[in-house]
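Below: one structure, written as structure tokens.
Lettering follows sequence order; numbering is per chain, from 1. The analysis underlying the following values was restricted to heavy atoms, covering all of them including side chains, and did not include hydrogens, waters or symmetry mates. In this text, all values refer to a predicted model and were calculated from it rather than measured experimentally.
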Amino acid sequence: MASITHPGHGDGHHGAHDEHHGPGGVFHQYIDLEQQNDSYIVGMWTFLVTEVMFFGALFLIYGLYRYAYSQDWFLAHEHLDYVMGGVNTFNLLVSSLFMALAVRAAQLKDRKVVLRLLGGVMVCAAIFMVIKYFEYTGKFHENLYPGPTFTKNAEILHGANLNKAQMFFGLYFAMTGLHGVHVVVGMLIIGKLMHMWWKKNPMVTEDYIPTELVGLYWHFVDLVWIFLYPLFYLMPRPDALAAHASGGGGH
Amino acid sequence: MSTTVTTPIGGLDGSPKVEQNYLTNGHTLKSWLLTTDHKRIAILYLISITFFFGLGGAFAGLIRYELIAPAGNVLESETYNKVFSAHGIIMVFLFLVAVIPATLGNFLLPMMIGARDLAFPRLNLLSWYLFNAGGALVLAALVNGGVDTGWTFYTPYSSLYSNTNVSLAITGIFLAGFASITTGMNFIVTVHKMRAPGMTWFRLPLFVWANYATAVVMILGTPVVAITLLCVVFERTFKLPIFSPELGGDPVLFQHLFWFYSHPAVYIMILPAFGVISELITNFSRKRVFGYHFIAFSSLAIAFLGFLVWGHHMFVSSQSMYQSIVFSLITYLLAVPSAIKIFNWTATMYKGNIRLDAPMIYAIAFMGLFTVGGVTGLHLATVSTDIHLTATYFIVAHFHYVMVGGTITAFLGGLHFWWPKMTGRLYNESVAKWNAVLVFVGFNLTFFPQFVMGFMGMPRRYHYYYFAPEFQPYHLMSSAGATALGLGFAVPIFYLVKSLFTGEKAGANPWGAHGLEWETQSPPITVNFETVPIVTDEVYDFDPVGEHEELMAKLAGAKS
Amino acid sequence: MFNFPMTPPAASNFAGEHDALFYAITFLAVLFTLIVSFLVVFFALKYRRGTKADRSRPMYENLALELSWIIIPTILGLAFFGWGTKVYIDMRTPPKDAMEIFVIGKQWMWHVQHPNGVRENNTLHVPMGKPVKLTMISQDVIHAFYIPAFRVQYMVVPGRYTQMWFTPTKKGEYHLFCNMYCGTQHSEMGGRVVVLDPREYADWLANNGSKPQTLTVAQAGEKIFNKVGCNNCHGGADNQRAPSLAGIYGKTRVMTDGARYIADETYLREAILRPSNKITKGYINSMSAYEGQLTEEEVVSLLAYIKSGANPAASEPAMSSALAAKESRISEGTAGNYVGAMQFNSQRADATPTKRGNKMNAVGAMAAEKVGDQ
Ligand code: HEA
Ligand code: HEA
Ligand code: CUA
Ligand SMILES: [Cu+2]
């Protein structure tokens, strides 16, 4: 192959060296900081694509069964507290705002503001988890989790078919649980990021990209919830049920 | 360009030749287990997948031994079921999905585009650990009594009825899946962002294109199967009803989700093999590849269309008639890009200056075997014939032709081709050549009879066939062939390992091949290139006519 | 032992069509394999290093060639797709007058019910020259009913009916295989398909076993209908409590939410097992779910009864339906019909405790509790 070589921007690394950063926190495999940053950003988006496919499969399962069992699911969903869910939605939206501002502050290299805003994100995330904790324990007390001990009391479910309701709660736990895991992972990452800012690590203070990447992840986690909330908490009344109710039935 | 060995780059500016290489850079176990060097990770992966291949092959041996007699030889039905499940699970998830991308791909991709490493070296190492952790869990499941669901894990059998170690095995596959996702992410970012100056998209070696397409399939498909299998685990452990009809679920939904990954997964298995073959054919024909753009784009077409045909595994599964028809149509269209590749390779050989070394023999074997596997895919893509053939040995033959005759043959060819680059040593060429012939013959003897027996109606996953003794002659042939084939797969291990100690030193470019990876020393230094290469022309600028004349002149000179 | 049959027997209306198509694709396959192999080997020898061959003016790009080997396979592919699809549509469209036989699969045996009530296990007797439609369902996992000699196969899925049809064309005995992996004894879940000529078949039906007289499937369904208490609500005409089921089969039903469904097997099954999913217009969801309380056999019987034109209010029992006309000597034949080597199979199957039993009870109990709540 007709390729010529020249000294290039080689950083003089020879032989043994592994994870040492070159000048300005550039890893050895990159030519310069720009290439490194570009790679990080493409890498993060690629990762988010896999996450979309991951949740996408669950949303697909949800969609199919919701279509098939809309009525029972509507009845079952009345057991979710849309106020708690709503507070959490608002809460996550605020945290997203904080995160966006934190990235902006990182670009401006304003360390104090970054730390304060990231702290705000952490508080929101913690509140989210606390509320989730109360929601989950509530369901556990009422035996509303799938398994042989699923509630024996059909009345508590407003008469929904127990299998369908069990499916609803099963997906509810699977999907919000998976989302919860993502929130916890997010908190760990943000914690680590705050630590780096706190220690004035040049990786983050000199360069806003790491902060932006964490921000991308966090926005994705919020976005998933933005879909989860209406799907689980805010189901519209299926027509069939409306007619049923007007016919004098219902509970 | 010349056919002679080019000097290592280090020599160009007169600096002393670097004696260090990636193998000698650190000798401790730790320097291997914690390495972030893509080349070392490739070697680690090579060891892992060889192990799993040997294990999967051992299970294949058991299958073939058992099927010699219509009423079985040594196993119970339950054990037999566990054996073919283990064979399928290991071969697919712990061997074939990783085999080319994680070894040759890992080793070559950065070098071929002139980069020092993959974009995320630590993620790459994590990938190897995930892969092994997954493998360990699958092994644990096997040791603890096995899994008997087949590699397809169809519900509700897998979720409610089987009382074997399904959950453990699935968790293992889940981890191995993440190994595949991380590899895919790494490849995508590397190809997008780490190309050396001047390495434009259309100067990329075709092996890189193929691996790029593979990586796209990996990151889009694998998460889906991961979550689907996880749902099976949920259903088993928490009785979370998703796929079992008695709890209100839809058992066929599982098949849709499973094949949404597992059909594209067969292209994860074959696309890198296509990449290898593109390199082998051009380099051994000493001729620029024919129809570069068509080969490159057909890889992308396969990756894209591959996501739209999953339903061809479900023609008799009670999906609607119209679904089946559409899936059949798209499957037919999907066969075309593969045809494009085959024809372009053939055209590349035309007017070449062909060297029939062992890698080229493997490449030629690939062309024949993959074509047979591919065109029998057309029998299966036609719904009305698939209705008769589905789940018979016809399918077993089809997929072994594409997976073993295709991918493994290509892998062996590639391994031989790049072996001198990876180890700095030459293996025994004539043994390798004869071994390639043995693999070809053994393979056909093993799997061709299965087409006939499948057409006659021999179902797959059958332990006994005493009620249908007419199949026995075919099983006998197949078992005999498998013995030869197993030998053909084992022999390379010996002469390749031997070459490490006694092989001739290879030099930077023993084949006179083209490509950036051949312009650095063998084995390469840890950062691949002394300096960042600058690329000025496309990869395959061979000159068959000039080479031929040169050779003739040399011969004439020798005579006079 | 070492005779070499290379083709399966051809014993149904589809065998001819299928084989023609199969051989045509095989011809295409062999043709392309030969072209590719020939060219590759030819080039490898002709242009081997050192041979004297014309290597001047090599080609690296040629749009015409590329297009030709894109377009020709595409056209050939589309042609075969078209042919295959035509045959396929045929295979999926049973003729109206097909005789309906019910097949129930369970680990690891086949249970077959002929329309007039004759039952058999792991064997299927069919008359030559008559179109036969199999309506199949599984009681546990997915199976597949595969008759290689007929070139037909379809999965047998729990929770839904699947169908396939064929017209046997040659007398004889053929393999019957379960061709979807279903657990330990999957390979032994098979038996025979016996094609008789129509007279023999009629005799076979009539003389089947020596057990006391039994009921047709529809009659059995009527019994269940009354025993389980469907008749408490469903009368001869629509009433306050429930719609009438008389002649409902094949009619269009309107739901509360305006949706319309044809009352086919799947719809009726759903309406019995999970009535709350689709509520008929004008009614409320007062019918309880029978899921887990009825076996697949019972559901099949109920369906046959409803399809036969169920009319509980009328004094004349469903006995009089056309199928039941020549009922006099038909007998219950489960035990009598076990055939050959497969017999131990079904016994083992009965003895095998699957998880199924417990779970069904649990679900049943749930449903029962739900009844209580309402
Ligand atoms: C590497 C893996 C691999 C590859 C590359 C392929 C390639 C193809 N496969 Fe295969 N397949 C499997 C692995 C693979 N398959 C496996 C593992 C299974 C079974 C899974 C299980 O159930 O366990 C399976 C099952 C399977 C089925 C399901 C059968 C069933 O379960 O009922 C079908 C149906 O359409 C199918 C079709 C095809 C087709 C059309 C191609 C095409 O891509 C092939 C294209 C190639 C060619 C066509 C050859 C080159 C072309 C020419 C020389 C020109 C002539 C061409 C024309 C005229 C069009 N395959
Ligand atoms: C990569 C994929 C792959 C590979 C390579 C193979 C290789 C082989 N397979 Fe496999 N096979 C599958 C994938 C593969 N198979 C799948 C997915 C299934 C479906 C499973 C299911 O139904 O769920 C299947 C099913 C399957 C069946 C059908 C079983 C049934 O339905 O009942 C049969 C039967 O003949 C068979 C045979 C063989 C044989 C003889 C080989 C031979 O090629 C193997 C030869 C290799 C060896 C004998 C080992 C060589 C020795 C060494 C390398 C040295 C040892 C090294 C060390 C110890 C480190 N296979
Ligand atoms: Cu039933 Cu296989
Ligand atoms: Cu496929």
Side-chain angles (χ1 to χ4, degrees), chain B residues 77-78 150 154 156-157 160-161 245-246 251 287-288 290-291 294 316-318 321 325 328-329 332 335-336 339-340 342-343 346 349-356 364 367-368 371-372 375-376 378-379 382-385 387-388 391 452 456-457 459 461-464 468 470 473 544-545 548 551, chain C residues 1-2 4-6 8 18 21-22 25 29 32-33 36-37 39-40 43-44 47-50 55-56 58 60-61 66 69-70 73-74 77 80-81 84-85 87-88 91-92 140-142 148 151 153-155 157-160 162 175 177 179-188 355 359 363:
Chain B
S77 286
E78 203 177 340
Y154 272 18
Y157 185 72
L160 291 180
Y161 288 84
E246 28 202 87
K287 187 159 161 279
R288 186 191 287 197
F290 189 91
F294 284 91
V316 299
S317 74
S318 82
M321 188 169 89
I325 291 173
S328 168
L329 176 64
Y332 263 103
V336 175
I340 295 177
I342 293 273
F343 292 129
T346 313
M349 292 173 70
Y350 175 63
K351 291 193 173 179
N353 195 11
I354 298 168
R355 294 170 47 170
L356 289 177
I364 290 175
M367 302 261 282
T371 303
V372 173
V375 288
T376 51
L378 301 178
H379 290 92
T382 315
V383 198
S384 37
T385 41
I387 284 181
H388 171 54
V452 183
M456 286 168 62
R461 297 172 172 177
Y462 259 32
H463 178 215
Y464 296 130
E470 67 267 26
V545 183
H548 178 69
L551 181 78
Chain C
M1 169 174 140
F2 287 103
F4 273 74
M6 306 210 16
H18 171 280
L21 180 57
F22 179 89
I25 302 176
F32 273 98
T33 309
V36 171
S37 319
L39 287 179
V40 168
F43 290 158
Y47 297 108
R48 196 154 38 103
R49 198 154 109 109
R55 292 183 175 79
S56 60
Y60 300 117
E61 206 103 303
E66 297 282 357
W69 63 52
I70 291 175
T74 308
F80 279 91
F81 161 76
T85 302
V87 177
Y88 170 60
M91 294 176 103
R92 296 307 303 157
D140 35 50
V141 302
I142 303 178
R151 313 289 188 274
Q153 156 163 228
Y154 217 72
M155 282 195 195
V157 184
R160 70 175 63 159
T162 55
H175 289 302
F177 292 132
N179 205 16
M180 173 66 220
Y181 176 69
C182 54
T184 309
Q185 290 177 52
H186 160 65
S187 69
E188 291 170 283
K355 291 180 181 175
K359 201 157 40 240
V363 176

Q) Do the ring planes of B/Tyr350 and C/Tyr47 sit parallel (below 30°), tilted (30 to 60°) or perpendicular (above 60°)? A)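 Perpendicular.
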Q) For the residue pair B/His379 and C/Phe22, does the interplanar ring angle fall in the parallel (under 30°), tilted (30 to 60°) or perpendicular (over 60°) class? A)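 Ring orientation of B/His379 relative to C/Phe22: tilted.
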**Q.** chain B contact via C/Thr74 - which portion, at a heavy-atom distance below 4.5 Å
**A.**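 C/Thr74 touches chain B through backbone and side-chain heavy atoms alike.
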**Q.** Contacting moiety of C/Met6, where chain B heavy atoms sit under 4.5 Å
**A.**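 Both parts, heavy atoms under 4.5 Å.
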Pairwise distance [atom1]([X]) to [atom2]([Y]) - rounded to 0.5 angstrom:
X	Y	atom1	atom2	result
B/Ile340	C/Glu66	CD1	CD	7.0 Å
B/Thr346	C/Phe43	OG1	CZ	7.5 Å
B/Asn353	C/Arg49	CG	CZ	6.5 Å
C/Ile25	B/Thr385	CD1	OG1	4.0 Å
C/Thr184	B/His463	OG1	NE2	11.5 Å
B/Arg355	C/Arg48	CZ	CZ	13.5 Å

Tell me which of these, [options], has more heavy-atom pairs under 4.5 Å with chain C than the rest.
options	result
B/Gly150, B/Ala335, B/Ala339, B/Ser317	B/Ser317
B/Arg461, B/Met321, B/Met367	B/Met321
B/Leu378, B/Ile342, B/Leu356, B/Ile325	B/Ile325

Q | Heavy-atom side-chain proximity of B/Pro251 to C/Val157 below 4.5 angstrom | A |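 Yes, side chains in contact.
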**Q.** Step-by-step ring-ring contact (aromatic ring centres under 6.0 Å, His included) determination, C/Tyr181 to B/Tyr157
**A.** CA-CA 9 Å; C/Tyr181 176 69; B/Tyr157 185 72; 5.5 Å; yes
List the atom of [X], the atom of [Y], and the distance in Å for their closest heavy-atom pair.
X	Y	value
C/Val141	B/Pro156	CA-CG, 3.9 Å
C/Ile70	B/Phe294	CD1-CE2, 4.0 Å
B/Met456	C/Pro148	O-CB, 4.0 Å

Q: Could you tell me which portion of B/Ser384 (side chain, backbone, both or neither) has an atom closer than 4.5 angstrom to a non-hydrogen atom of chain C?
A: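 Its backbone and side chain both get close to chain C.
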Q.
I need the residue from C/Thr33, C/Val36, C/Val40, C/Leu39 with the largest number of non-hydrogen atom pairs under 4.5 Å to chain B.
A.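 Answer, by heavy-atom pair count under 4.5 Å with chain B: C/Val40.
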Q | side chain to side chain donor-acceptor pair (under 3.5 Å) partners for C/Tyr88, two or more places apart | A |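 For C/Tyr88, the residues satisfying side chain to side chain donor-acceptor pair (under 3.5 Å) (neighbours in sequence not counted) are B/Ser324.
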Q: Check side chain to side chain donor-acceptor pair (under 3.5 Å) between C/Arg160 and all other residues, then give those that pass, not counting sequence neighbours.
A: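 Side chain to side chain donor-acceptor pair (under 3.5 Å) list for C/Arg160, sorted by chain: B/Asp250, B/Ser318.
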Q: Let me know which of B/Tyr462, B/Tyr161, B/Tyr154, B/Tyr464 forms a ring pair (Phe, Tyr, Trp, His ring centres under 6.0 Å) with C/His186.
A: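 Single pass found, and it is B/Tyr462.
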